[in-house]
Every structure is written in structure tokens, then in C-alpha cells.
*Asks:* 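Structure below; questions to follow.
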Amino acid sequence: MNNTQPANEFLLKASENVNERFRFGYHIMAPANWINDPNGLIHFKGEYHAFYQHHPYDENWGPMHWGHVKSKDLVHWEHCPIALSPGDACDVDGCFSGSAVDNNGELTLIYTGHHYIDQAQNLFFQNQNIAVSTDGIHFEKVDQNPVIAAPPADSSQHFRDPKVWKHNDTWYMILGNSTKEDIPRVILYTSPDLRTWEYKGVLDENANDMGFMWECPDFFELDGSFVFLFSPQGLESQGHKYNNLFQTGYYVGSYDYDTNHYEHGEFIELDHGHDFYAVQTLLDDQGRRIAIGWMDMWESDMPTKADGWAGALTLPRVLTLSEDRKVLMNPVEELKLLRETEHHVCEDQLVNRSHFVNVTEQLLEVKVVFNMENTNAEAIGLKIRGVGEQETVIRYTHADRKLTLDCSKSGKPADGIRNAALDANGQLTLHLFLDRSSIEIFANEGHVTMSSRIYPTEVQSGIELFAENGEVEIVECTYWNLKDIWKA
């Protein structure tokens with residue numbers, strides 16, 4: 001089975017009543033109602049496909065379906081019919097997160113089936129299933145489902161989010177899991193055909209301070225090292241670290257396929273904004289490792305629910321590894337296709353206190369380069385200003401080498417401030433994308449990224465460059481007006 005018609009028909013009607021005030025111009029979002037994790041990212045037959053956790057019947061989380069968009073260039077996305085609907089014996093209460101592979105021209109989705117035992121007590125069991133398509137649009141669940149019926153005997157009820165890839169002639173699957181003692185781990189299975197799977201053991205676990213469950217695992221080779229991306233549940237904040245409601249981060253290390261041994265360094269947060277979770281990656285035909293995350297956050301305030309929708313996905317980012325083995329994220333080159341008009345302001349100038357640029361457009365790309373060798377200011381940065389008191393502030397303080405994103409005056413709560421360490425010797429480059437209700441910042445070629453939802457209620461007035469208690473040289477300040485792909 002996989003009857004998606006009722007959900008598609010309901011979604012079409014719901015989309016007619018969505019309030020447009022915070023709707024995006026160039027991000028992936030559903031036509032209406034709830035979305036969360038990106039799923040099934042793949043480059044298949046010359047097109048990029050992105051699926052996502054979706055509740056098409058309500059703006060709140062509910063029985064999970066798989067929404068679907070596709071694109072030829074990672075920029076111009078089009079909505080496709082819902083790919084998966086729950087309710088079959090293998091996924092009665094939800095088609096939870098998973099991944100996609102190209103199996104000799106057959107697009108295969110691997111996902112978690114969710115089954116409540118007692119929903120009020122949050123008691124459930126989970127299994128793993130697959131659905132297949134030859135046209136990349138319409139999917140059928142296979143008769144062999146569930147292809148993995150139950151977790152290892154020492155597991156808790158958490159057993160989800162399969163990420164599958166092929167190495168040599170063998171399919172590999174990792175899953176987020178935990179033990180009965182709530183020790184978080186990722187476990188490994190292998191298969192010759194995607195239908196029959198053999199448990200191979202624990203790829204990695206942590207009994208100390210890494211929460212109780214690792215969601216949305218991803219594992220891949222990057223620039224000669226193996227990166228394990230995941231979203232740990234239950235991390236406690238430590239100073240400026242782990243201040244989000246829920247985190248996403250990674251390990252970098254070495255892996256031996258023969259022994260299933262993974263040796264790695266410390267956990268590092270991947271994004272330091274407010275709204276970045278459940279990141280997943282794909283390897284495209286150009287050999288690029290591209291990541292997309294959910295641009296919202298569990299248990300956070302979501303004003304767009306009042307408008308008939310909630311949730312979106314981040315811009316696609318290319319992942320590379322720095323010399324000190326940190327994962328860098330930078331926007332894909334194709335995003336330049338969004339640019340309509342280019343403006344150069346305040347270049348090779350000293351800014352004392354502030355310089356204001358009148359910009360009222362809400363879809364913007366901005367790049368500012370500060371000369372850190374020619375400044376005596378205590379702090380520098382820029383503000384996205386409203387006509388009154390509203391503003392979103394990006395500030396860098398040289399003394400403590402800290403980049404701050406302050407959204408407390410643009411629709412976030414009073415604690416809407418996030419910080420990240422950044423060594424900006426020589427120069428500070430801030431490359432940001434603004435899209436009505438979001439801001440994504442890439443600092444110094446991706447050494448720090450910050451992704452956050454914002455909800456301004458004032459008309460935007462412009463961009464203010466500032467230097468606090470001193471002056472700074474602006475090497476470059478360029479901004480582009482960007483087009484709205486959903487209204488083109």
C-alpha cells in the first residue's frame with residue numbers, strides 16, 4: 001500500500017489558506033502545515049531530491065508522512081506529491097526519518113516505521129522499511145517490510161533514522177539507538193540487496209556526557225577522514241556550548257570497515273544559531289558532500305503556526321574539512337543563481353560608530369569584509385534594522401574572539417542570543433542570507449555558521465555597519481537582491 005491521495009488532496013486545500021507574511025522566498029518549505037527533519041537527500045538521474053518529515057493535516061507535529069521536492073540546480077525547487085503516508089502494518093503510526101539510495105536505477109527510500117503501544121505514556125516500538133520508485137515520484141512499499149523488524153535485544157525502544165550507503169558491493173545502514181540503560185549509540189547493519197540485513201554491532205557509543213539518544217546519524221568520508229554527524233538528545237549546556245534546546249554536531253576520525261572500529265576526536269557543534277537540527281547529507285555527481293538541516297527547533301515558539309504552516313529546511317551547504325579537522329559549511333555555488341541586482345557600498349572606508357544603508361527588500365544576500373588589522377573598536381558588526389526598535393545584530397568582539405547573533409529584538413525570546421568562538425585575525429568576513437523569517441550566517445569561509453528563524457513585525461529599513469568605541473575599515477560591503485523562487 002501507500003495511499004497518499006487523501007493527504008495530497010487535503011494539502012492542496014490547506015495551501016489556499018496560508019498567511020504569506022513569513023513565507024520564504026528561496027528555502028524549501030511545504031505548501032502548508034508542519035515539517036521537520038530532512039530525509040532521503042539524493043542526486044538521482046540528474047535531479048536533486050529532498051524529502052522531509054511532514055504532517056500534511058495540521059501545523060503541529062503529528063503522524064509523519066514524507067513530503068518531497070526536487071530541483072535540477074539546488075535553487076529552483078518544485079513540490080512533488082507526498083512520497084510516503086503511514087497507516088500500513090509496517091508503519092501504523094508514522095513514517096519516520098530515513099535516507100535514499102539509487103539501487104541500479106530504482107530510487108529506494110529506507111525509513112523507520114513508528115508504532116505506539118501507549119501514546120500517552122510515550123511507549124512505542126520502531127522498525128525499518130523500504131519503498132521503491134522507478135520514476136522518482138511515486139513510491140510503493142515492498143512486501144518484505146519490515147526489512148528489520150526489531151532492534152538488538154539490549155536496546156531501548158529508540159531505534160530509528162536509518163542512513164544507508166554502499167561500500168564496494170555491500171549496503172551499510174547505521175541507526176540511532178540507545179541501550180536499556182540509556183547509553184546513546186549508533187549501530188551498524190549490512191545487506192547484499194537492501195532486503196535482508198545482518199546486525200554487525202555498535203559503531204560508536206558514549207556512556208559519559210553525550211545525552212541519552214543519538215538521532216539522525218550520518219556517516220561518510222570527507223577529505224580523507226570519516227565524519228559522524230548526529231543530533232544528540234539530552235546534552236547539558238556548557239558555557240557558550242550546547243545552548244540550543246537540542247544540538248547537532250559531529251566527530252571526525254578514522255574508520256576500519258573490516259573491524260567496524262571508529263576512532264575519533266571530541267564532539268563539535270556544527271551550527272551555532274538557534275534553529276538547526278537533524279542535518280543530513282548527500283554526495284552529488286560532482287563529488288560534493290552537501291548538507292541540509294531542519295531550520296526550526298523542538299520545543300521552540302513557532303509564530304508561523306498561526307499562519308497555517310511550520311518548519312523549513314536550510315540552504316544547501318557544501319562540507320569540507322579544515323586543516324585542523326573541523327567541518328566547514330559554505331553555501332553551494334548555485335545560490336548565485338538567485339541574485340538579481342548587485343550593490344556595492346562603503347568599500348575601502350573607515351566606519352566610526354555606524355554607517356547605514358537603506359535596504360527595504362526582505363530577500364537578501366550580504367557580504368561584508370572587515371579589516372581586523374585596521375581597527376581599534378571594541379566590537380564590530382552589522383544590524384538588520386526595522387523602522388522602529390526591531391533589529392537582528394551580528395557582533396564580533398576582538399578581545400574574547402567571539403561572534404554573537406542577537407535575535408532578541410526580532411521575534412525571539414529575551415534569551416535569543418547565541419555565541420561562537422571565532423579567531424578572526426587579519427579579517428572578518430560575514431556572508432549572510434536573509435529570507436523574510438530566517439537568517440543564515442557563514443563567517444570566515446564557514447569556520448562558524450549560525451542559522452536562526454526570526455519574525456520581524458516591522459518594515460525593514462536597512463543594514464547598519466557599526467564599530468563600538470572606535471573605528472574599523474570596511475574592505476568590502478556587497479549586497480544582492482534575491483528572487484523569490486516560489487513566485488517566479
Side-chain angles (χ1 to χ4, degrees), residues 26-30 35 37-54 66-84 97-111 130-139 161-174 191 194 216-223 226-229 250 270 278-295 312-321 327-338 446 485:
Y26 52 88
H27 282 81
I28 296 171
M29 57 184 179
I35 82 169
D37 304 358
N39 297 155
L41 304 184
I42 191 171
H43 199 191
F44 178 72
K45 296 183 177 179
E47 293 184 309
Y48 294 92
H49 291 257
F51 303 83
Y52 48 83
Q53 291 284 274
H54 185 28
W66 276 37
H68 184 196
V69 293
K70 68 174 185 173
S71 170
K72 293 184 183 298
D73 58 12
L74 289 168
V75 175
H76 300 89
W77 297 95
E78 61 178 285
H79 290 293
C80 301
I82 289 171
L84 294 175
S97 291
S99 52
V101 297
D102 181 351
N103 185 22
N104 297 319
E106 184 176 70
L107 181 54
T108 302
L109 308 182
I110 308 96
Y111 70 97
I130 68 173
V132 298
S133 171
T134 54
D135 64 4
I137 300 297
H138 304 94
F139 293 85
D161 307 341
K163 181 60 187 280
V164 176
W165 73 96
K166 198 171 193 178
H167 177 68
N168 295 331
D169 294 325
T170 300
W171 293 104
Y172 288 74
M173 177 197 295
I174 57 170
S191 171
L194 295 174
C216 305
D218 198 348
F219 192 65
F220 51 87
E221 190 171 358
L222 183 67
D223 298 338
F226 281 84
V227 176
F228 171 38
L229 285 177
Y250 62 92
L270 188 56
V279 68
Q280 190 176 116
T281 73
L282 65 92
L283 187 67
D284 77 354
D285 289 356
Q286 301 176 44
R288 298 180 298 179
R289 180 62 60 174
I290 297 171
I292 298 176
W294 177 38
M295 196 165 57
L313 304 186
T314 68
L315 292 174
R317 299 115 181 259
V318 174
L319 302 186
T320 56
L321 207 61
V327 174
L328 309 182
M329 291 196 296
N330 284 289
V332 295
E333 189 76 10
E334 289 91 333
L335 289 171
K336 292 179 179 178
L337 296 171
L338 289 169
I485 67 162

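Values below: all heavy atoms of this structure, side chains included; hydrogens, waters and symmetry mates excluded.
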*Asks:* Quick check for you: to the nearest 0.5 Å, what is the distance between L337 atom CG and L335 atom CG?
*Replies:*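 Going from CG on L337 over to CG on L335, the span is 8.0 Å.
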
*Asks:* Quick one: are I110 and V101 in side-chain contact, heavy atoms under 4.5 Å?
*Replies:*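 The answer is yes, as the side chains (C-beta and beyond) meet within the 4.5 Å cut-off.
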
*Asks:* May I ask you to test the W165-L283 pair for a side-chain heavy-atom distance under 4.5 Å?
*Replies:*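 Contact flag for W165/L283 side chains = no.
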
*Asks:* Is there a donor-acceptor pair closer than 3.5 Å between any side-chain N or O of D284 and the backbone N or O of H43?
*Replies:* no

*Asks:* Could you give the distance from CH2 (W171) to NZ (K166), rounded to the nearest 0.5 Å?
*Replies:* 5.0 Å

*Asks:* Output yes when a side-chain donor or acceptor of D223 lies under 3.5 Å from a complementary backbone atom of L321, and no otherwise.
*Replies:* yes

*Asks:* For residues F139 and Y111, establish whether the separation of their ring centroids is below 6.0 Å.
*Replies:*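 Judged by ring-centre distance (under 6.0 Å), F139 and Y111 do not meet the cut-off.
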
*Asks:* Are any of the side-chain heavy atoms of V332 and V318 separated by less than 4.5 Å?
*Replies:*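 Yes, side chains in contact.
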
*Asks:* Using modelled atom types and a 3.5 Å cut-off, is there a donor and acceptor pairing between side-chain atoms of D218 and backbone atoms of T281?
*Replies:* yes

*Asks:* What's the shortest heavy-atom distance between H76 and I485, and which atoms?
*Replies:*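 For H76 and I485, the tightest heavy-atom pair comes out as CD2-CG2, 4.0 Å.
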
*Asks:* Supply the atom-to-atom distance D135 CG to E106 CD, rounded to the nearest 0.5 angstrom.
*Replies:*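 Result: 11.0 Å between the selected atoms.
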
*Asks:* Quick check against the 3.5 Å criterion: does Y26 have a side-chain atom that pairs as donor or acceptor with the backbone of L338?
*Replies:* no

*Asks:* Verify, without hydrogens or angle tests, whether T314 (side chain) and I292 (backbone) share a donor-acceptor contact under 3.5 angstrom.
*Replies:*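 Flag not set: sc T314 to bb I292 has no pair under 3.5 Å.
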
*Asks:* Kindly compute the distance separating CE (M295) from CG (L313), expressed to the nearest 0.5 Å.
*Replies:*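 M295 atom CE to L313 atom CG measures 8.0 Å (nearest 0.5 Å).
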
*Asks:* If you look at every heavy atom in P162 and S99, which pair is closest and at what distance?
*Replies:*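 Minimum heavy-atom separation between P162 and S99: O-OG, 2.9 Å.
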
*Asks:* So which of Q53, Q280, H54 actually passes side-chain hydrogen bond (donor to acceptor under 3.5 Å, both in side chains) with N39?
*Replies:*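 The single option meeting the side-chain hydrogen bond (donor to acceptor under 3.5 Å, both in side chains) with N39 is Q53.
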
*Asks:* Could you walk me through whether I42 and L282 satisfy the side chain to side chain contact (heavy atoms under 4.5 Å, CB included) test, starting with their C-alpha distance in whole Å, then the side-chain angles of each, then the deciding distance to 0.1 Å, before giving a yes or no?
*Replies:* CA-CA 5 Å; I42 191 171; L282 65 92; 5.5 Å; no

*Asks:* Once rounded to the nearest 0.5 Å, what's the spacing between atom CG of L328 and atom OG1 of T320?
*Replies:* 4.0 Å

*Asks:* Do M329 and L319 come within less than 4.5 Å of each other through their side chains, counting heavy atoms only?
*Replies:*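 Answer yes - side chains close enough.
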
*Asks:* Taking all heavy atoms of I82 and all of W66, pick out the closest pair and write down the distance.
*Replies:* CG2-O, 3.3 Å

*Asks:* Please name the pair of heavy atoms, one in Q286 and one in Y48, separated by the smallest distance, quoted to 0.1 Å.
*Replies:*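 The pair with the smallest heavy-atom distance is NE2-OH, 4.1 Å.
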
*Asks:* What is the minimum heavy-atom distance between L270 and L229, and which atoms define it?
*Replies:*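 Looking at all heavy atoms of both residues, the shortest contact is CD2-CD2, 3.8 Å.
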
*Asks:* What are the two closest non-hydrogen atoms of S71 and W77, and how far apart are they?
*Replies:*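 Shortest heavy-atom contact: CB-CE3, 3.3 Å.
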
*Asks:* Measure the shortest side-chain to side-chain distance between L194 and V164 over non-hydrogen atoms and say whether it is less than 4.5 angstrom.
*Replies:*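 Of all side-chain heavy-atom pairs linking V164 with L194, at least one is under 4.5 Å.
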
*Asks:* Has K163 got a side-chain atom pairing as donor or acceptor with F220's backbone, closer than 3.5 angstrom?
*Replies:* no

*Asks:* Determine the interplanar angle of the F51 and H49 rings, folded into 0 to 90°, and report it as parallel if under 30°, tilted if 30 to 60°, perpendicular if over 60°.
*Replies:* parallel

*Asks:* Hey, could you give me the CD/CG distance between E334 and L315, rounded to the nearest 0.5 Å?
*Replies:* 12.0 Å

*Asks:* Other residues, nucleotides and ligands only: do more than 12 of their heavy atoms fall within 6.0 Å of NZ on K72?
*Replies:*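 No, because the 6.0 Å sphere around NZ of K72 holds 12 heavy atoms or fewer from other groups.
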
*Asks:* Less than 4.0 Å between a side-chain N and a carboxylate O, is that true for E333 and R288?
*Replies:*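 No.
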
*Asks:* Does any part of the side chain of H68, heavy atoms only, come nearer than 4.5 Å to the side chain of I137, both counted from C-beta?
*Replies:* yes

